[in-house]
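Working notes, beginning with the structure itself.
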Amino acid sequence: MKIATLNVNSIRMRLDAVLEWLAVHEPDVLALQETKCADDKFPRFEFEEMGWNVEIYGQKSYNGVALVSRHSILGVRRGFEDPRFPEDCRLIEASVGGVTVVNTYVPNGTVVGSDKFDYKLRWMERLRALFASRHRPDEPIVWVGDMNVAPTPDDVWDSRRHLGKVGHHPDEFARLAALVDWGFEDVFRRFHQGPGHYTFWDYVIPRSFENNLGWRIDHVYATAPLAVRATSCTIDRTLRQGEKPSDHTAVVAEFDV
DNA sequence: ATGGTTGGCATCCAA
């Protein structure tokens, strides 16, 4: 089973690139983040006419996640389903081919110490509680998405410059570690070590992609029964090279299931 | 020390 994740930064801007990528790579599941449109504006028909099933959870302007598959997408759940908290569209879960896929767009956090940073930490804590309440770590679960955290010094182009800033802060490391400790393995790091393997290059930094000034913030995590069956995990930089690219590119993992 | 870009939508917010 091949599972991919991509922060598209607007599905309407990236529709042609995504459909072409799907045709070439034929993943069993593609998880999208930052679709940036309400559900009635999502180009659902364009996917369906190419033979892809789509499950979406979107809102106007911001956030938005989706799952794309050739297979039936079963048991879809959207968000935390917790009326105590206002919901934004950052989480969608479903079962595809016997594997539970959880797709998240973790809040960016904006600036350390801000309300949005606090929201990010709380959001990650709520996600940990969601896994504990809905699932067990001996189930085959793959958790993918834009986690907005570069968890080790090798995961950002200048760790000393960014340590303590948003995306590379000890409070974020702790929240991510709590999620991983529940029962996940970082599938990419099963296959690749060291610095320079990035999935996001900031538009704001001139020639960030050409100079590989990036971050590894898009991750594929799997529970043990799936992780031991992983056969590859790669970053496909081609999507970041084209005309009008997203600022992220795709991560693709394959499992012998 | 600081700025640089992009997308959606409304003339700014979020990233």
Side-chain angles (χ1 to χ4, degrees), chain A residues 5-21 31-44 46 56-66 79 85-92 103-124 127 144-151 155-169 171-172 175-176 198-219 235 237-251:
Chain A
T5 181
L6 171 66
N7 178 318
V8 281
N9 187 17
S10 168
I11 187 57
R12 289 176 290 181
M13 284 298 296
R14 241 59 74 181
L15 178 61
D16 290 348
V18 168
L19 289 176
E20 184 187 342
W21 190 90
L32 297 171
Q33 305 88 36
E34 277 208 272
T35 52
K36 284 188 167 181
C37 63
D39 291 353
D40 62 347
K41 299 280 200 297
F42 192 99
R44 167 186 288 280
E46 287 82 348
I56 58 182
Y57 186 41
Q59 65 187 83
K60 184 179 176 182
S61 303
Y62 306 115
N63 311 319
V65 285
F85 295 96
E87 190 69 67
D88 49 7
C89 299
R90 298 177 176 274
L91 166 64
I92 188 169
N103 172 20
T104 61
Y105 174 45
V106 175
N108 170 289
T110 312
V111 173
V112 172
S114 66
D115 289 349
K116 288 191 173 70
F117 188 75
D118 189 59
Y119 178 69
K120 179 182 197 173
L121 300 180
R122 301 289 92 75
W123 199 96
M124 295 178 80
L127 185 62
V144 298
D146 177 357
M147 310 309 179
N148 264 316
V149 179
D155 294 320
V156 59
W157 62 275
D158 187 338
S159 179
R160 282 176 55 181
R161 177 196 187 101
H162 290 285
L163 185 62
K165 305 279 179 45
V166 72
H168 201 52
H169 190 283
D171 291 348
E172 300 170 330
R175 298 320 185 276
L176 188 57
Y198 305 133
T199 66
F200 162 81
W201 298 262
D202 202 329
Y203 289 133
V204 174
I205 299 174
R207 304 183 67 77
S208 62
F209 181 71
E210 290 79 357
N211 294 314
N212 201 26
L213 307 180
W215 300 61
R216 193 179 72 92
I217 55 177
D218 301 272
H219 300 165
I235 297 165
R237 297 164 61 99
T238 59
L239 277 164
R240 187 64 176 78
Q241 291 174 293
E243 283 291 300
K244 300 288 284 181
S246 170
D247 40 2
H248 297 248
T249 199
V251 185

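So you know, we letter chains A, B, ... as the sequences are listed, proteins then strands, and number each from 1.
Between A:Tyr57 and A:Leu91, every side-chain heavy-atom pair lies at or beyond the 4.5 Å cut-off. Taking the side chain as every heavy atom from C-beta outward, A:Val144 and A:Val251 never approach each other to under 4.5 Å. Proximity of A:Gln33 to A:Arg90: side-chain heavy atoms (C-beta onward) are nowhere separated by under 4.5 Å. Contact check for A:Val111 versus A:Lys116: no side-chain heavy atoms found under the 4.5 Å cut-off.
At whole-Å resolution of the value, CG in A:Leu213 and P in B:dG3 are 18 Å apart. Atom P of nucleotide B:dT6 and atom CD of A:Glu243 are separated by 11 Å, given to the nearest angstrom. Per the geometry, CE belonging to A:Met13 stands 19 Å off P belonging to B:dA15, to the nearest Å. As a whole-Å value, the separation of A:Gln59 CD from B:dA14 P is 11 Å. Rounded to whole angstrom, the span from the CZ atom of A:Arg90 across to the C1' atom of B:dA15 amounts to 10 Å. The CG atom of A:Leu239 sits 17 Å away from the P atom of B:dT6 (whole-angstrom rounding). Taking atom CD on A:Glu34 and atom C1' on B:dG7, their separation rounds to 9 Å, with Å as the unit. If you take CD1 of A:Ile205 and C1' of B:dT6, they are 14 Å apart, rounded to a whole angstrom.
Within a 6.0 Å radius of CD in A:Glu20, other residues, nucleotides and ligands contribute 12 heavy atoms or fewer.
Comparing B:dA14 with B:dA10, their C1' atoms are spaced 14 Å from each other, to the whole Å. Comparing the P positions of B:dA15 and B:dC9 gives a spacing of 15 Å, expressed to the nearest Å. B:dT11 sits 15 Å from B:dG7 when the C1' atoms are compared, rounded to a whole Å.
Residue A:Lys36 places none of its side-chain N or O atoms closer than 4.0 Å to OP1 or OP2 of B:dC9. Residue A:Arg207 places none of its side-chain N or O atoms closer than 4.0 Å to OP1 or OP2 of B:dG4. Taking side-chain N and O atoms only, A:Ser10 has no distance below 4.0 Å to OP1 or OP2 of B:dT6. For the OP1/OP2 pair of B:dA14 and a distance below 4.0 Å, the side-chain nitrogens and oxygens of A:Lys116 include at least one atom meeting the criterion. Between A:Lys60 and B:dA10, a side-chain N or O to OP1/OP2 separation shorter than 4.0 Å is present. Distances shown here put every side-chain N or O of A:Thr110 at or beyond 4.0 Å from the OP1 or OP2 atom of B:dA14.
A:Ser246 comes within 4.0 angstrom of no nucleic acid atom, judged by non-hydrogen atoms across all strands. A:Phe209 comes within contact range of no nucleotide atom at all, as no heavy-atom separation falls under 4.0 Å. Heavy atoms of A:Arg240 sit nowhere under 4.0 angstrom from any nucleic acid atom.
Residue-to-nucleotide proximity on DNA chain B shows that, of A:Asn9 and A:Tyr62, the 5′-proximal contact is made by A:Asn9. Residue-to-nucleotide proximity on DNA chain B shows that, of A:Ile11 and A:Asn108, the 5′-proximal contact is made by A:Ile11.
When each of B:dG7, B:dT5, B:dG8 is scored by its nearest atom to the side-chain atoms of A:Ser61, the top-ranked nucleotide is B:dG8. If you check B:dG3, B:dA15, B:dC9 against the side chain of A:Arg12, the one that comes closest is B:dC9.
Note on ring orientation: taking the six-membered ring where Trp is involved, the planes of A:His248 and A:Phe200 are tilted (angle from 30° to 60°).
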